[in-house]
Novice: 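Sharing a structure with you now.
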Amino acid sequence: MKRLKRIFGSNYLALIVVTAAVMLLFFILNNNFLALDNVKNLMNAVSFTGTITVGMALLLIAGEVDLASGAEACFGGVVCAMAINAGVPWPVALIIALVFGACCGLVNAFFVNVVHIMGFICTLGIMGIYNGLIRVVTDNHPIPAYEPSFWKLGSTTLFGIFPLPFVIMITLMVVYGLILTRTNFGRTIYMIGGNRRAARLCGINPQRIITALYVNNGMLAALAGVILTARMHNASPGAASTGAIDAITAAVLGGISFLGGVGGMGGCFIGILLITVFSAGLTATGLPSYWQIVAQGAILVFALSVDFFNSKARKRRLERDEIKRRRLHFESRATENQHRETD
Amino acid sequence: MTNRLEFSDITKAFPGIKALSEVSFCAECGQITALLGENGAGKSTLLKILSGDIKADNGEVLLDGEPQNFKAPSDALSAGISVIYQERQMVSSLSVMENIFAGELPRNRFGIINYKKLKTEAQKLIDLFELPLDARMTVGRLSVAQQQMVEIMRAYRRNSDVIAFDEPTASLAEAEITILFKLIKELARQGKIVIYVSHRMAEIFRITDKIIVLKDGKFVADLKTSETDERTLVKAMVGREIGDTFSKLSRCTEQGEMILEVKNLTTKKVTGINLSLRKGEIIGLAGLVGAGRTELARAIFGADKIDSGEVLIDGKNIRYKNPSGALALGIALCPEDRKEEGLVLFRSMKENITISVLSRIRKFLFLSNSEEKRLSDRAIEKYDIKTPSINELVGELSGGNQQKVILGRATNELMSTRVLILDEPTKGIDVGSKAEIYQMICDFAKTGIGVIVISSELPEVLNISDTIYVMANGRISGVLTREEASEETVLELAMAEQ
Amino acid sequence: MTAIKTFLRSKNAILLFFLIALILAFAVLSGGGTLRPSNIVNILQSITIVSLLTIGAGTLMIAGEIDLSLGGIGTMSAFIAALLLKNGVPWFGALLAAVAVGAFVGLINGFLVNELGFQSFIATLATTSITTGVGYIFTGGMGVTIEDPVFRFIGNEFIGGYIPFSVLIAVIALVVYAVLLNKTKFGRSVYLVGGNRAAARIAGLKPKKILYGLFINAGALAALAGTLLASKLLVANTVGITSSQFAGLTAAILGGISFGGGTGGMGGAVIGIFILSCFNNGMTMVNIQPYWQTVASGALLLAAISMDFLSTARRKKSEVKI
C-alpha cells in the first residue's frame with residue numbers, strides 16, 4: 001500500500017476511484033464501452049496524449065511548460081511523412097523526425113535560458129509560428145505516408161490486446177518514472193522545480209537541465225506525432241492542436257503541481273487514463289463533439305481545484321509546524337540572551 | 001588542501017550602489033575568521049562572490065595564491081568552497097537526506113541511486129549533529145532551526161577546504177548553537193578555513209580567532225579577537241562612537257482620553273489579548289521573534305481575520321474586515337518588511353505617498369496633480385526625505401528614506417491618523433537615522449497620536465515607550481510602565497510559559 | 001521643450017519610430033499601395049476589434065494578471081447575440097445580453113483567481129475551452145447569419161464616407177481607458193496592485209475588488225469585440241476572434257505593457273495596435289502567403305516578448321541591492 005502511494009502520489013486513491021467511476025458510468029450508458037475493440041481504441045487514444053505527457057510532466061516538475069508540444073508533435077509527424085514520401089526508409093525518417101523535435105526543443109530552451117522569457121509565454125508564441133509553418137509546408141492538407149511497413153508501428157498488437165503505441169507509452173512511463181525516482185538527474189529535476197536558486201547553489205546547472213528537458217520533450221512529442229502518423233497513414237496539419245493542453249491537464253490531474261517540484265509518473269498515468277476515458281466515453285455515448293471541449297475545460301478546473309484543496313491541506317500542516325517553530329524561536333532567543341549575560 | 005584564502009581588491013557595484021570597493025584581506029587555515037559589519041556593509045555580497053553566485057566587477061579571489069575564476073556556484077564548489085547562506089536554500093518537497101546530498105546522491109555503477117547508502121550516510125551526519133531527525137522526513141515539515149541545521153550538514157558533508165557561514169545562528173536554539181560551535185571549532189582544528197559572519201558580538205568573541213570589519217563596502221580593520229573589545233569593534237563598524245541616543249529625546253508628557261481598546265482578541269496566532277491605548281501614549285510591544293506581535297498588529301489593522309473579541313475605537317465596537325476599513329478609522333500600520341508589504345518599489349515616491357488617500361485627493365472623478373505634489377513635498381520637508389524628485393522610483397531610495405516614505409504615507413494630513421502601529425521601524429536602518437526615527441515617534445505622540453511600536457531591540461522598547469506590553473506564545477504575559485521595566489523584567493516575561 | 005525631450009527618451013518614442021519605419025518600409029515594398037486611402041480605411045477597420053481586446057488584456061496585465069479566454073468569450077457572445085437577433089430580440093437587447101454574458105465569464109475568471117487562487121493563465125485557459133465549447137453547442141458549429149440593420153450599420157457603415165463607424169467605438173474606448181488609467185483612483189490602483197499586491201492591500205487598496213473589476217471589464221470588452229466582428233462579417237462563426245485575442249496580447253506587449261505588472265499604458269498600447277495592424281496589413285499588401293503571415297505574427301509576438309523581458313531583466317537587476 002505504501003509503495004502504491006509512493007508511485008501514484010498522495011491523492012492517487014481519489015483519482016483511481018474517479019477513473020473507475022467514470023468507466024463504470026460509461027459502461028452503464030453504453031454496454032459496448034468495455035468491449036475489446038473499444039478498449040483497444042481507448043489504449044490507442046491514450047498513447048498519443050500519454051507520450052506527450054511524459055515529456056511535459058518532466059518539464060512541469062522542473063517548473064517549466066511547453067505549450068508548443070502539440071504543434072511539435074504534429075510537425076514531427078509531418079516531417080516523418082515527408083521524409084517517407086521522399087523515399088527515405090521509415091526508421092531513418094523516424095530518426096529525422098526525432099532530431100527535428102529535439103531541435104524544436106532547443107529553440108524553446110534558447111528563449112527560456114538565454115532570452116529569459118517565461119516558458120509558457122515564449123512557447124505560446126512559438127506554437128503560433130509552428131502552426132503557421134506546418135500549414136505552409138503542408139498547404140493545409142494531410143500528407144499521406146504510404147509505407148505499409150511503417151504503418152505497423154501504429155497497428156501492431158502485442159499479445160492480442162495491447163497496441164504497440166500503448167506499449168511504447170507504458171515503456172516510456174516506466175523508464176522515465178525510474179529516471180525520476182532512481183537517478184541523480186531525476187532528483188535534480190525536482191530540486192530545480194522546488195527551489196531553483198537552492199539547486200544552483202548546490203552546484204547544479206539549472207539551465208543545462210532545463211535545456212535537456214525541453215529537448216527531451218520535443219523528441220517525445222515528435223515521437224508521438226510519428227506514431228500517430230503511422231496509425232492514421234497520414235500526417236494531418238490539425239491533428240494535435242490540443243496536444244499540449246491535454247498533456248498539461250493530464251499531468252495536473254495526476255498530481256503534478258503547476259508550480260513545480262512535486263508529482264510523478266504514476267499519477268500522470270491515471271490522469272491520462274481519466275481524461276481519455278472521459279472524452280472517449282462522451283464520444284461513445286453519442287454526445288456532440290463540442291461537449292468534449294467543454295468537458296475538457298471543466299476537467300481542468302476540477303484538476304486545479306484538487307491541487308488547490310491539496311495545498312490548503314498542506315497549508316494547514318504548515319501552520320501546525322509554525323507553532324512548533326515559534327516555540328523553537330522562543331527558546332533560541334531566550335538562551336541567547338542568557339548567554340549574552342553569562343559570557 | 002587549501003591553506004590560504006585571499007580576497008584581493010574586490011569591487012562590486014549594483015546600479016545605484018557600490019556594494020564593495022577594493023576589499024582585500026586574507027583568511028588562514030585552522031582559523032575562524034569573523035566578518036563583521038552593519039547591514040549593507042557588503043558582507044553578504046562578499047560571500048556571494050566567494051561562492052560564485054555573482055561575479056565581482058574587479059579584483060580576485062585567490063586560493064593559495066592561485067587566482068580563481070568562478071562562473072557559477074558549481075565552480076566554487078569544485079574548488080572546495082562551501083557557503084551556508086542566511087536564507088535557507090532547501091527544497092521543501094524533498095527529504096532531509098536528498099537535501100543533504102543534493103545533486104550528489106550516492107549511486108551504484110549503473111547510475112542508479114543507492115537509497116540504502118544514502119540513508120545510512122545521512123543518518124550518520126544527523127547523529128553527528130545530535131538531531132532527533134529521520135533522514136527520510138520531508139524538509140518542509142522541519143522547523144526553521146532544523147532546516148538551518150540541514151543546510152549546515154550539507155556543507156559539512158562536502159568536506160570543503162573553505163566553509164563560510166552567513167549568520168548561521170539566527171534561528172538556532174542554544175542546544176543547537178553549542179553543537180554547531182563545537183563542530184565549527186572542530187573544522188578549524190582539522191585545518192579548514194572558516195569564515196563566520198554574524199552581528200552577535202558575544203558569538204564572535206566566543207569562537208573566532210580574528211575579525212575583519214567592513215563598513216559601507218570598504219575594508220576597515222583586521223583585528224585579533226583576543227586583542228580587541230566590543231567598544232573598539234562598534235566604533236570600527238559605525239565609524240564613530242555612539243552616544244546615548246535616548247536621553248536627548250523630547251517626549252510627550254500628556255496623555256489624553258482612550259482611543260483604542262482591544263478586548264479578549266483572539267485570532268489564529270494570538271489569544272485573549274487585552275490592550276488599551278490613550279492619545280499621546282507610546283506602547284511598546286516586546287517579545288521574542290514569533291511571539292505574535294506582528295500578528296497582533298495585523299489583527300488590529302484588519303489585515304488578519306479576528307476569531308473572537310473586540311476592538312473598540314473611542315469606546316465604540318467597530319468591526320472592519322480589511323486594512324482599508326482600519327485606515328478609514330484612522331488606524332495606520334507601517335509593516336516590518338518594507339519591500340514585501342510596505343512599498344510598491346517600481347512606482348514613484350509620489351504614488352507611494354498618496355496610495356492610502358487616493359479617494360481624498362480627487363477633484364470630481366480625477367486625481368489632483370497639485371494635491372499629490374503638495375502632499376509629497378510636505379512629506380519630503382517634514383521628514384527630510386532625500387530624493388532627487390517626487391517622481392523618483394521608491395526602490396531607488398535608501399532604506400532609511402524608504403522608511404520615511406512609509407511614515408510620510410501613514411501620517412499625512414489627509415489621513416487623520418490617530419493610531420499608528422510601527423512594526424520594527426528601525427530594522428535595517430543605520431544608527432544615525434535611528435535617532436531621527438525615535439524623535440519622530442515621540443513627535444507623533446505629541447500631536448495626540450497613539451503609537452504602538454513593535455521592536456526586537458530591547459533598549460529601543462525600554463526607552464521610547466510609556467507602557468510596555470510583553471508578549472509570549474501569542475499572549476500578553478505582562479504589562480509594565482517605563483519606570484518599572486528593565487531588561488531583566490521584560491526578558492523574564494518574554495520567556496514566560498503560558 | 002523638456003516635455004519633448006522626456007518623450008524622445010521614453011520607450012514610446014522608440015516604438016513610434018519603429019512604427020514609422022514599418023509604415024515606410026511597407027509603403028516602399030508595396031509601391032505606395034499601403035498608403036492609398038482605401039487601404040488606410042482597411043487598417044482603421046482592423047484596429048477596432050484588436051483595440052478592445054488590447055484594452056481588456058492590457059489593463060489586466062498592468063495588474064499582473066493575464067486573460068487567455070478573451071477569444072472564447074468573444075466567440076460565445078457573438079453567437080448569443082446572433083441567436084437572440086434571429087429570435088426577434090431587438091438589437092440593443094442582443095448586444096446587452098452578449099456583453100452581460102462576457103462580463104459574467106469575466107466574473108468567473110475573477111472568482112477562480114481571487115477565491116480559489118488559480119494562476120490566471122491556467123484558469124482562463126480552462127474557461128477558454130468551456131466558452132468555446134458552449135459557443136459550439138449553441139449553434140452546432142454552424143455560423144449564424146446576422147440580418148439586423150443596426151448591426152449591419154455598426155459593422156459596415158462609414159462616417160463622412162471614409163471613417164468606419166466601428167473605429168469611433170475603438171477611439172472612444174481607448175481615450176476613456178487612457179483617462180481612467182492615468183487620472184482616476186481606479187487606474188492608479190491598477191498600477192499599484194500590479195506593482196506590489198501585498199503592499200497595496202496594507203496601504204488600504206482592495207486588490208481582489210480591483211481584479212474582479214478588471215476581469216469583468218475584460219470579459220465585457222471581449223464580448224463587445226466579438227459582437228462587433230460578427231456585425232462586420234454579418235455572421236457569427238466559430239473562427240471568431242480567437243486569432244485576434246493573441247493580436248490583443250501582442251499589441252499590449254509591443255506597446256510596453258510588461259508581463260511583470262505595474263508598468264505600461266494606453267499610449268504605448270495604441271502604438272502597439274498600429275504596429276500590429278500595419279504589419280498584418282502590409283504583409284497582405286505585399287502578397288505574403290497567409291500561412292506565412294501566421295508565422296510572422298508569431299515571430300512578432302516572440303520579438304515583442306523578448307524585448308519586454310530584456311528590459312524587465314534590466315529592471316530586475318537594478319533591484320538587487322545586497
Side-chain angles (χ1 to χ4, degrees), chain B residues 12 14-17 19-20 39-46 48 54 217 298 301 303 322-328 332-335 337-347 351-352 354-362 365-369 372 393-396 398-399 406 409-410 415, chain C residues 2-3 6 9-11 62-64 114 175-210 212 256-265 308 311-322:
Chain B
K12 176 77 192 176
F14 294 113
I17 191 164
L20 290 170
N39 282 330
K43 300 165 302 201
S44 299
T45 312
L46 201 62
K48 280 182 183 161
I54 54 176
R298 286 178 62 90
F301 187 57
N322 47 34
S324 77
L327 284 163
L333 171 76
C334 299
D337 195 331
R338 286 191 295 271
K339 289 193 162 98
E340 289 296 321
E341 297 202 310
L343 294 164
V344 185
L345 291 179
F346 291 120
R347 301 305 298 180
E351 284 170 300
N352 276 287
T354 56
I355 180 169
S356 300
V357 290
L358 288 175
S359 43
R360 278 172 240 183
I361 54 169
R362 274 190 296 200
L365 284 172
F366 305 122
L367 300 173
S368 153
N369 259 333
E372 283 200 273
L393 297 190
V394 139
E396 303 278 329
S398 73
I406 297 185
R409 175 180 96 199
M415 289 277 287
Chain C
T2 46
T6 13
R9 266 193 227 117
S10 73
K11 204 174 167 185
I62 293 174
N114 272 338
V175 170
V176 166
Y177 279 90
V179 172
L180 195 72
L181 276 180
N182 285 322
K183 296 281 170 198
T184 68
K185 180 186 174 189
F186 181 77
R188 179 67 62 78
S189 310
V190 172
Y191 282 102
L192 293 167
V193 165
N196 184 343
R197 199 160 298 172
R201 179 165 181 267
I202 291 291
L205 302 180
K206 292 173 183 154
K208 275 190 180 180
K209 216 167 117 187
I210 286 159
Y212 268 123
I257 297 178
S258 145
F259 263 109
T263 54
D308 170 36
S311 63
T312 329
R314 259 201 301 281
R315 197 175 78 170
K316 282 273 146 67
K317 246 185 206 160
S318 70
E319 178 195 9
V320 185
K321 287 186 181 175
I322 358 173

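Throughout, a chain's letter reflects where its sequence line sits, starting with A, and its residues are numbered from 1.
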Novice: Can you tell if the side chain of C:Phe186 reaches within under 4.5 Å of the side chain of B:Leu358, non-hydrogen atoms only?
Specialist: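 Not touching, per the 4.5 Å side-chain cut-off.
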Novice: With a 4.5 angstrom heavy-atom cut-off, could you sort out which part of C:Lys185 is near chain B: side chain, backbone, both or neither?
Specialist: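 For C:Lys185, the contact with chain B is made by backbone and side chain together.
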Novice: Is it the backbone or the side chain of B:Ser368 that comes under 4.5 Å from a heavy atom of chain C, or both, or neither?
Specialist: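 The answer is neither part of B:Ser368.
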Novice: Does any N or O in the side chain of B:Ser324 come within less than 3.5 Å of the main-chain N or O of C:Leu205, such that one atom is a donor and the other an acceptor?
Specialist: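 Looks like no, no N/O pair under 3.5 Å.
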Novice: Between C:Arg201 (side chain) and B:Glu341 (backbone), is there a donor-acceptor pair under 3.5 Å?
Specialist: no
Novice: By a 4.5 Å heavy-atom criterion (distance strictly below it), what part of B:Leu343 contacts chain C: side chain, backbone, both, or neither?
Specialist: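 For B:Leu343, the contact with chain C is made by the backbone alone.
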Novice: Name the region of C:Val179, side chain, backbone, both or neither, that has any atom closer than 4.5 Å to a heavy atom of chain B.
Specialist: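 Contact with chain B is through the side chain of C:Val179 alone.
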Novice: Between C:Gly194, C:Ala200, C:Gly195, C:Ala203, which shows the greatest number of heavy-atom pairs under 4.5 Å with chain B?
Specialist: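 Answer, by heavy-atom pair count under 4.5 Å with chain B: C:Ala203.
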Novice: Against chain B, work out which of C:Ser189, C:Ala199, C:Ala198, C:Gly204 has the most heavy-atom pairs shorter than 4.5 Å and name it.
Specialist: C:Ala199
Novice: Between B:Ser359, B:Cys334, B:Pro335, B:Gly325, which residue shows the highest count of heavy-atom pairs closer than 4.5 Å to chain C?
Specialist: B:Ser359
Novice: Would you compute the distance between atom CZ of B:Arg409 and atom CG of B:Asn352 and round it to the nearest 0.5 angstrom?
Specialist: 7.0 Å
Novice: In the structure I gave you, are the side-chain heavy atoms of B:Leu333 and B:Pro323 within less than 4.5 Å of one another anywhere?
Specialist: no
Novice: Between B:Arg347 (side chain only) and C:Arg188 (backbone N and O only), is there a donor and an acceptor less than 3.5 Å apart?
Specialist: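 Checked: no pair found.
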